[in-house]
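Remarks on the structure that follows.
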Amino acid sequence: MTSASGVSSPAVRTHQWRGVIEEYRELLDIPADTPAVTLREGGTPLVHSEWLSELTGGQVHLKVEGDNPTGSFKDRGMTAAISVAKHQGAQAVVCASTGNTSASMAAYAAKARLNPIVLVPEGKIAAGKMAQAILHGAQVIMVKGNFDDCLRLAKELAAAYPVALVNSVNPVRLQGQKTAAFEIVDFLGDATDYHLLPVGNAGNISAYWLGYQQYADLGRITRKPVMRGFQAAGASPLVTGEPFPDPETRATAIRIGNPASWTLAEKAAAESGGRFASVTDERILAAQLELARHDGVFVEPASAAGVAGLLQELEQGESYTGSSIVITVTGHGLKDTATALEGFAEAGGTVVDDVVVPEVAAVAEAAGL
Ligand code: F0G
(Lines give C-alpha, C1' and ligand atoms only; values in the text may rest on other atoms or scores of the structure.)
Protein backbone atom coordinates (compact mmCIF):
# COMPACT_ATOMS: atom_id res chain seq x y z
CA MET A 1 0.00 0.00 0.00
CA THR A 2 1.29 3.48 -0.78
CA SER A 3 -0.11 6.53 0.91
CA ALA A 4 -0.51 9.98 -0.62
CA SER A 5 2.87 10.93 0.81
CA GLY A 6 4.46 8.09 -1.14
CA VAL A 7 5.44 6.18 2.00
CA SER A 8 4.52 2.53 1.83
CA SER A 9 2.93 1.01 4.91
CA PRO A 10 2.69 -2.68 5.73
CA ALA A 11 -0.65 -4.35 5.05
CA VAL A 12 -0.51 -6.14 8.40
CA ARG A 13 0.54 -4.16 11.44
CA THR A 14 2.12 -5.98 14.32
CA HIS A 15 0.64 -5.44 17.77
CA GLN A 16 2.51 -2.79 19.69
CA TRP A 17 2.54 -3.27 23.46
CA ARG A 18 0.34 -0.53 24.92
CA GLY A 19 1.80 -0.25 28.42
CA VAL A 20 0.65 -1.98 31.59
CA ILE A 21 -2.57 -0.01 32.16
CA GLU A 22 -4.08 -0.71 28.75
CA GLU A 23 -2.79 -4.30 28.64
CA TYR A 24 -4.26 -5.16 32.05
CA ARG A 25 -6.80 -2.44 32.83
CA GLU A 26 -9.63 -4.78 33.89
CA LEU A 27 -7.35 -6.34 36.50
CA LEU A 28 -6.16 -3.09 38.08
CA ASP A 29 -7.90 -1.46 41.00
CA ILE A 30 -7.80 2.12 39.67
CA PRO A 31 -10.76 4.36 38.68
CA ALA A 32 -12.09 2.89 35.42
CA ASP A 33 -12.07 6.14 33.49
CA THR A 34 -8.46 7.08 34.30
CA PRO A 35 -6.64 8.01 31.07
CA ALA A 36 -3.25 6.29 30.93
CA VAL A 37 -0.11 8.39 31.12
CA THR A 38 2.23 5.86 29.57
CA LEU A 39 5.68 5.43 28.07
CA ARG A 40 4.62 1.90 27.08
CA GLU A 41 6.30 0.35 30.08
CA GLY A 42 6.16 -3.36 30.89
CA GLY A 43 6.19 -6.19 28.36
CA THR A 44 9.75 -6.82 29.51
CA PRO A 45 11.60 -9.96 28.44
CA LEU A 46 11.73 -13.15 30.45
CA VAL A 47 15.18 -14.39 29.51
CA HIS A 48 16.20 -18.01 30.00
CA SER A 49 19.50 -18.29 31.89
CA GLU A 50 21.54 -21.24 30.65
CA TRP A 51 24.19 -20.47 33.26
CA LEU A 52 21.88 -20.54 36.27
CA SER A 53 19.81 -23.41 34.89
CA GLU A 54 22.94 -25.55 34.65
CA LEU A 55 24.06 -24.53 38.15
CA THR A 56 20.72 -25.33 39.75
CA GLY A 57 19.65 -28.28 37.65
CA GLY A 58 16.38 -26.40 37.24
CA GLN A 59 14.96 -23.90 34.78
CA VAL A 60 15.86 -20.31 35.62
CA HIS A 61 14.40 -17.26 33.90
CA LEU A 62 15.34 -13.64 34.50
CA LYS A 63 12.61 -10.98 34.39
CA VAL A 64 14.68 -8.17 32.94
CA GLU A 65 13.10 -5.01 34.32
CA GLY A 66 15.97 -2.79 33.19
CA ASP A 67 14.24 -2.90 29.79
CA ASN A 68 11.53 -0.53 31.02
CA PRO A 69 11.48 3.04 29.61
CA THR A 70 13.49 4.60 32.45
CA GLY A 71 15.51 1.48 33.10
CA SER A 72 13.81 -0.02 36.15
CA PHE A 73 10.64 -1.79 37.32
CA LYS A 74 9.46 1.45 38.89
CA ASP A 75 7.79 2.47 35.61
CA ARG A 76 5.04 -0.10 36.13
CA GLY A 77 3.82 1.49 39.32
CA MET A 78 4.57 5.00 38.16
CA THR A 79 2.33 4.89 35.09
CA ALA A 80 -0.51 4.00 37.46
CA ALA A 81 0.34 6.55 40.16
CA ILE A 82 0.89 9.44 37.76
CA SER A 83 -2.20 8.60 35.70
CA VAL A 84 -4.38 8.66 38.81
CA ALA A 85 -2.71 11.78 40.26
CA LYS A 86 -3.20 13.63 36.96
CA HIS A 87 -6.80 12.48 36.66
CA GLN A 88 -7.51 13.65 40.20
CA GLY A 89 -6.19 17.11 39.39
CA ALA A 90 -2.76 17.08 41.02
CA GLN A 91 -0.33 19.77 39.87
CA ALA A 92 2.75 18.52 41.69
CA VAL A 93 4.02 15.11 42.76
CA VAL A 94 6.61 14.13 45.35
CA CYS A 95 8.61 11.03 46.15
CA ALA A 96 11.46 9.93 48.36
CA SER A 97 13.92 7.81 46.48
CA THR A 98 17.20 5.95 46.39
CA GLY A 99 17.25 6.95 42.70
CA ASN A 100 15.06 4.81 40.47
CA THR A 101 11.69 5.99 41.74
CA SER A 102 12.79 9.58 41.24
CA ALA A 103 13.99 8.91 37.69
CA SER A 104 10.71 7.22 36.86
CA MET A 105 8.51 9.80 38.56
CA ALA A 106 10.30 12.65 36.81
CA ALA A 107 9.82 11.05 33.39
CA TYR A 108 6.12 10.31 33.86
CA ALA A 109 5.54 13.73 35.44
CA ALA A 110 7.14 15.34 32.39
CA LYS A 111 4.81 13.36 30.14
CA ALA A 112 1.79 14.35 32.27
CA ARG A 113 2.93 17.97 32.66
CA LEU A 114 3.13 17.75 36.42
CA ASN A 115 5.74 19.37 38.63
CA PRO A 116 8.03 16.63 40.08
CA ILE A 117 9.70 17.11 43.49
CA VAL A 118 12.28 14.55 44.50
CA LEU A 119 13.79 13.93 47.95
CA VAL A 120 17.01 11.91 47.93
CA PRO A 121 19.65 11.02 50.53
CA GLU A 122 22.68 13.26 50.10
CA GLY A 123 25.58 11.71 48.22
CA LYS A 124 24.06 8.25 47.86
CA ILE A 125 22.41 8.36 44.46
CA ALA A 126 23.98 6.75 41.39
CA ALA A 127 24.95 9.32 38.76
CA GLY A 128 22.76 7.89 36.00
CA LYS A 129 19.61 8.12 38.12
CA MET A 130 20.39 11.62 39.24
CA ALA A 131 20.92 12.67 35.61
CA GLN A 132 17.54 11.20 34.67
CA ALA A 133 15.66 13.08 37.40
CA ILE A 134 17.40 16.36 36.54
CA LEU A 135 16.96 16.08 32.77
CA HIS A 136 13.28 15.21 33.10
CA GLY A 137 12.83 18.44 35.02
CA ALA A 138 12.59 17.42 38.66
CA GLN A 139 13.38 19.71 41.53
CA VAL A 140 15.93 17.52 43.26
CA ILE A 141 16.21 18.20 46.97
CA MET A 142 19.05 16.46 48.80
CA VAL A 143 18.40 15.58 52.41
CA LYS A 144 21.11 15.20 55.04
CA GLY A 145 19.82 11.81 56.07
CA ASN A 146 18.96 8.43 54.58
CA PHE A 147 16.03 7.17 52.48
CA ASP A 148 13.89 6.58 55.56
CA ASP A 149 14.26 10.28 56.50
CA CYS A 150 13.32 11.25 52.93
CA LEU A 151 10.19 9.10 53.01
CA ARG A 152 9.05 10.60 56.32
CA LEU A 153 9.54 14.08 54.86
CA ALA A 154 7.73 13.23 51.62
CA LYS A 155 4.73 11.97 53.62
CA GLU A 156 4.72 15.09 55.79
CA LEU A 157 5.01 17.35 52.74
CA ALA A 158 2.09 15.64 50.99
CA ALA A 159 -0.04 15.84 54.14
CA ALA A 160 0.49 19.60 54.55
CA TYR A 161 0.93 20.96 51.00
CA PRO A 162 -0.83 20.54 47.62
CA VAL A 163 1.38 17.77 46.31
CA ALA A 164 0.55 14.11 45.65
CA LEU A 165 2.74 11.38 47.15
CA VAL A 166 3.72 8.67 44.65
CA ASN A 167 5.89 6.40 46.78
CA SER A 168 4.68 2.81 47.07
CA VAL A 169 2.81 3.68 50.28
CA ASN A 170 0.38 4.96 47.65
CA PRO A 171 -1.51 1.70 46.91
CA VAL A 172 -1.96 2.63 43.25
CA ARG A 173 1.76 1.99 42.76
CA LEU A 174 1.38 -1.67 43.72
CA GLN A 175 -1.53 -1.99 41.29
CA GLY A 176 0.82 -1.13 38.45
CA GLN A 177 3.73 -3.15 39.76
CA LYS A 178 1.74 -6.38 40.14
CA THR A 179 1.51 -6.59 36.33
CA ALA A 180 5.01 -8.09 36.29
CA ALA A 181 3.56 -11.22 37.91
CA PHE A 182 0.81 -11.32 35.25
CA GLU A 183 3.38 -11.08 32.46
CA ILE A 184 5.46 -13.93 33.87
CA VAL A 185 2.43 -16.21 34.03
CA ASP A 186 1.13 -15.12 30.62
CA PHE A 187 4.52 -15.95 29.13
CA LEU A 188 5.22 -19.25 30.90
CA GLY A 189 1.62 -20.49 31.05
CA ASP A 190 1.72 -20.95 34.85
CA ALA A 191 3.54 -19.63 37.90
CA THR A 192 7.00 -20.96 38.72
CA ASP A 193 7.99 -22.92 41.82
CA TYR A 194 10.16 -20.11 43.18
CA HIS A 195 10.36 -16.36 42.69
CA LEU A 196 13.50 -14.59 43.93
CA LEU A 197 14.05 -10.84 44.02
CA PRO A 198 15.88 -7.97 45.77
CA VAL A 199 14.04 -6.21 48.59
CA GLY A 200 14.46 -2.64 49.81
CA ASN A 201 11.34 -0.69 50.66
CA ALA A 202 9.47 -3.96 50.05
CA GLY A 203 6.85 -2.67 47.61
CA ASN A 204 7.88 -4.96 44.78
CA ILE A 205 7.66 -8.29 46.61
CA SER A 206 4.28 -7.17 47.97
CA ALA A 207 3.08 -6.27 44.48
CA TYR A 208 4.19 -9.57 42.95
CA TRP A 209 2.32 -11.44 45.66
CA LEU A 210 -0.81 -9.39 44.97
CA GLY A 211 -0.51 -10.31 41.30
CA TYR A 212 -0.01 -14.01 41.91
CA GLN A 213 -2.90 -14.13 44.36
CA GLN A 214 -5.17 -12.39 41.87
CA TYR A 215 -4.27 -14.83 39.11
CA ALA A 216 -4.84 -17.73 41.52
CA ASP A 217 -8.28 -16.35 42.40
CA LEU A 218 -9.06 -16.11 38.68
CA GLY A 219 -7.93 -19.70 38.13
CA ARG A 220 -5.13 -18.66 35.81
CA ILE A 221 -2.40 -20.50 37.74
CA THR A 222 -2.28 -23.95 39.28
CA ARG A 223 0.19 -22.98 42.01
CA LYS A 224 1.66 -19.90 43.65
CA PRO A 225 5.43 -19.47 43.84
CA VAL A 226 7.50 -19.55 47.00
CA MET A 227 8.68 -15.94 47.41
CA ARG A 228 12.29 -15.40 48.53
CA GLY A 229 13.47 -11.84 49.10
CA PHE A 230 17.10 -10.80 49.43
CA GLN A 231 18.38 -7.73 51.24
CA ALA A 232 21.89 -6.28 51.47
CA ALA A 233 23.53 -7.39 54.72
CA GLY A 234 24.01 -3.79 55.88
CA ALA A 235 20.35 -2.98 55.29
CA SER A 236 18.44 -6.14 56.14
CA PRO A 237 15.67 -5.28 58.62
CA LEU A 238 13.33 -7.97 57.27
CA VAL A 239 15.97 -10.57 58.10
CA THR A 240 16.85 -9.35 61.59
CA GLY A 241 13.33 -8.19 62.45
CA GLU A 242 14.59 -4.77 63.58
CA PRO A 243 14.83 -1.46 61.67
CA PHE A 244 18.38 -0.40 60.74
CA PRO A 245 18.96 3.20 61.95
CA ASP A 246 22.06 3.57 59.72
CA PRO A 247 21.62 1.28 56.72
CA GLU A 248 24.77 0.91 54.62
CA THR A 249 25.41 -0.91 51.34
CA ARG A 250 27.07 -0.23 48.02
CA ALA A 251 23.82 -1.39 46.43
CA THR A 252 22.45 2.10 47.06
CA ALA A 253 19.04 1.34 45.54
CA ILE A 254 18.23 -0.93 48.51
CA ARG A 255 19.94 1.13 51.23
CA ILE A 256 16.77 1.23 53.35
CA GLY A 257 16.49 0.64 57.09
CA ASN A 258 12.75 0.67 57.71
CA PRO A 259 10.73 -0.57 54.69
CA ALA A 260 7.34 1.06 54.19
CA SER A 261 5.72 -2.22 53.03
CA TRP A 262 7.21 -4.27 55.89
CA THR A 263 3.92 -5.92 56.90
CA LEU A 264 2.80 -6.72 53.35
CA ALA A 265 6.20 -8.19 52.53
CA GLU A 266 6.18 -10.39 55.61
CA LYS A 267 2.73 -11.56 54.61
CA ALA A 268 3.98 -12.44 51.11
CA ALA A 269 6.86 -14.46 52.52
CA ALA A 270 4.73 -16.20 55.15
CA GLU A 271 1.76 -17.04 52.91
CA SER A 272 3.98 -18.35 50.12
CA GLY A 273 6.16 -20.45 52.40
CA GLY A 274 9.07 -18.17 51.56
CA ARG A 275 11.56 -16.11 53.54
CA PHE A 276 14.07 -13.27 53.57
CA ALA A 277 17.84 -13.62 53.64
CA SER A 278 20.75 -11.22 53.41
CA VAL A 279 23.69 -11.14 51.01
CA THR A 280 26.95 -9.23 51.45
CA ASP A 281 27.99 -6.44 49.10
CA GLU A 282 30.85 -8.65 47.90
CA ARG A 283 28.39 -11.33 46.82
CA ILE A 284 26.11 -8.75 45.20
CA LEU A 285 28.91 -7.25 43.11
CA ALA A 286 30.24 -10.70 42.20
CA ALA A 287 26.76 -11.77 41.05
CA GLN A 288 26.40 -8.57 39.01
CA LEU A 289 29.65 -9.34 37.21
CA GLU A 290 28.86 -13.02 36.63
CA LEU A 291 25.42 -12.21 35.28
CA ALA A 292 26.94 -9.78 32.80
CA ARG A 293 29.58 -12.32 31.75
CA HIS A 294 27.43 -15.42 31.52
CA ASP A 295 24.04 -14.16 30.45
CA GLY A 296 24.72 -10.87 28.68
CA VAL A 297 22.43 -9.11 31.14
CA PHE A 298 23.88 -5.94 32.72
CA VAL A 299 22.08 -4.96 35.90
CA GLU A 300 22.78 -2.45 38.64
CA PRO A 301 24.20 -3.77 41.94
CA ALA A 302 20.92 -3.94 43.89
CA SER A 303 19.33 -5.78 41.00
CA ALA A 304 21.80 -8.63 41.36
CA ALA A 305 20.74 -9.39 44.95
CA GLY A 306 18.33 -12.12 43.85
CA VAL A 307 21.00 -13.87 41.80
CA ALA A 308 23.51 -13.44 44.66
CA GLY A 309 20.89 -14.99 46.93
CA LEU A 310 20.42 -18.00 44.67
CA LEU A 311 24.19 -18.61 44.45
CA GLN A 312 24.52 -18.29 48.23
CA GLU A 313 21.72 -20.77 48.84
CA LEU A 314 23.28 -23.29 46.44
CA GLU A 315 26.54 -22.96 48.40
CA GLN A 316 24.63 -23.54 51.61
CA GLY A 317 23.29 -26.80 50.23
CA GLU A 318 19.80 -25.66 49.24
CA SER A 319 18.45 -27.67 46.29
CA TYR A 320 16.58 -26.22 43.35
CA THR A 321 17.00 -29.35 41.21
CA GLY A 322 14.10 -29.88 38.85
CA SER A 323 12.44 -26.60 39.90
CA SER A 324 11.35 -23.62 37.86
CA ILE A 325 12.69 -20.31 39.16
CA VAL A 326 12.13 -16.71 38.16
CA ILE A 327 14.54 -14.05 39.36
CA THR A 328 13.59 -10.42 38.90
CA VAL A 329 16.53 -8.24 37.96
CA THR A 330 15.14 -4.85 38.78
CA GLY A 331 17.22 -2.15 37.09
CA HIS A 332 19.71 -1.50 34.30
CA GLY A 333 23.47 -1.63 34.79
CA LEU A 334 23.97 1.67 32.98
CA LYS A 335 22.36 3.45 35.94
CA ASP A 336 25.53 3.05 38.00
CA THR A 337 28.63 2.33 35.94
CA ALA A 338 30.97 3.65 38.66
CA THR A 339 30.11 0.90 41.16
CA ALA A 340 30.09 -1.73 38.39
CA LEU A 341 33.63 -0.84 37.34
CA GLU A 342 34.82 -0.66 40.97
CA GLY A 343 33.46 -4.17 41.50
CA PHE A 344 35.17 -5.32 38.31
CA ALA A 345 38.52 -3.88 39.43
CA GLU A 346 38.18 -5.34 42.94
CA ALA A 347 37.55 -8.76 41.39
CA GLY A 348 40.97 -8.44 39.72
CA GLY A 349 39.75 -7.23 36.35
CA THR A 350 41.74 -4.74 34.32
CA VAL A 351 40.03 -2.19 32.18
CA VAL A 352 41.42 -2.39 28.64
CA ASP A 353 43.45 0.77 28.22
CA ASP A 354 45.82 0.02 25.37
CA VAL A 355 46.16 2.92 23.02
CA VAL A 356 47.72 1.89 19.74
CA VAL A 357 48.82 3.45 16.49
CA PRO A 358 46.18 2.98 13.74
CA GLU A 359 47.76 -0.14 12.19
CA VAL A 360 46.29 -3.62 12.09
CA ALA A 361 49.45 -5.25 13.44
CA ALA A 362 49.35 -3.03 16.51
CA VAL A 363 45.69 -3.81 17.09
CA ALA A 364 46.34 -7.54 16.69
CA GLU A 365 49.22 -7.39 19.14
CA ALA A 366 47.14 -5.48 21.70
CA ALA A 367 44.32 -8.02 21.27
CA GLY A 368 46.76 -10.88 21.88
CA LEU A 369 46.09 -12.46 18.47
N1 F0G B 1 16.06 -2.87 42.90
C2 F0G B 1 16.19 -1.61 42.49
C3 F0G B 1 17.03 -1.34 41.30
C4 F0G B 1 15.52 -0.56 43.19
O5 F0G B 1 15.66 0.69 42.76
C6 F0G B 1 14.74 -0.88 44.31
C7 F0G B 1 14.06 0.17 45.06
C8 F0G B 1 14.65 -2.22 44.68
C9 F0G B 1 15.32 -3.19 43.96
C10 F0G B 1 13.84 -2.66 45.85
O11 F0G B 1 12.49 -2.64 45.55
O12 F0G B 1 11.82 -1.07 47.33
O13 F0G B 1 10.13 -2.40 46.09
O14 F0G B 1 11.66 -3.50 47.71
N15 F0G B 1 14.22 1.40 44.85
C16 F0G B 1 13.46 2.48 45.48
C17 F0G B 1 13.77 3.81 44.83
C18 F0G B 1 13.53 2.49 46.94
O19 F0G B 1 13.63 4.86 45.47
O20 F0G B 1 14.13 3.82 43.66
P21 F0G B 1 11.44 -2.38 46.74
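In each ligand, atom 1 is the first atom listed, and ligand 1 is the first ligand listed. Residue numbers start at 1 and run along the sequence shown.
- Checked by atom type, the side-chain pair Thr222/Asp190 shows a donor-acceptor distance below 3.5 Å.
- In this structure, atom 20 (O) of ligand 1 lies nearest to the protein heavy atom Thr101 N, 2.8 Å.
- Taking only non-hydrogen atoms, the option from Gln177, Gln231, Arg255, Lys74 nearest to atom 15 (N) of ligand 1 is Lys74.
- Put simply, no part of Ile205 is less than 4.0 Å from ligand 1, judged by heavy atoms.
- If you check which protein heavy atom lies closest to atom 11 (O) of ligand 1, you get Phe73 CZ, 3.4 Å.
- Under 3.5 Å, the side chains of Thr330 and Glu65 contain no donor-acceptor pair of N or O atoms.
- Among the atoms of Phe147, none of the N or O lies under 3.5 angstrom from an N or O of ligand 1.
- For the ring-ring contact (aromatic ring centres under 6.0 Å, His included) test, residues two or more places apart in sequence or in another chain that qualify with Tyr212 are His195.
- Looking only at heavy atoms of the protein, atom 13 (O) of ligand 1 is closest to Asn204 N, 2.8 Å.
- With values rounded to the nearest 0.5 angstrom, Glu271 atom CD is found 11.5 Å from Glu266 atom CD.
- The nearest protein atom to atom 1 (N) of ligand 1, hydrogens excluded, is given as Thr330 OG1, 2.6 Å; this is a heavy-atom distance.
- Protein heavy atom in closest approach to atom 8 (C) of ligand 1: Ile254 CG2, 3.6 Å.
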Sequence neighbours left out, cut at 3.5 Å: what donor-acceptor pairs do the side chains of residues 80-95 make with other protein atoms?
residue, atom, partner, partner atom, Å
Ser83, OG, Val37, N, 2.8
Ser83, OG, Thr79, O, 2.5
Lys86, NZ, Ala112, O, 2.9
His87, NE2, Asp33, OD1, 3.4

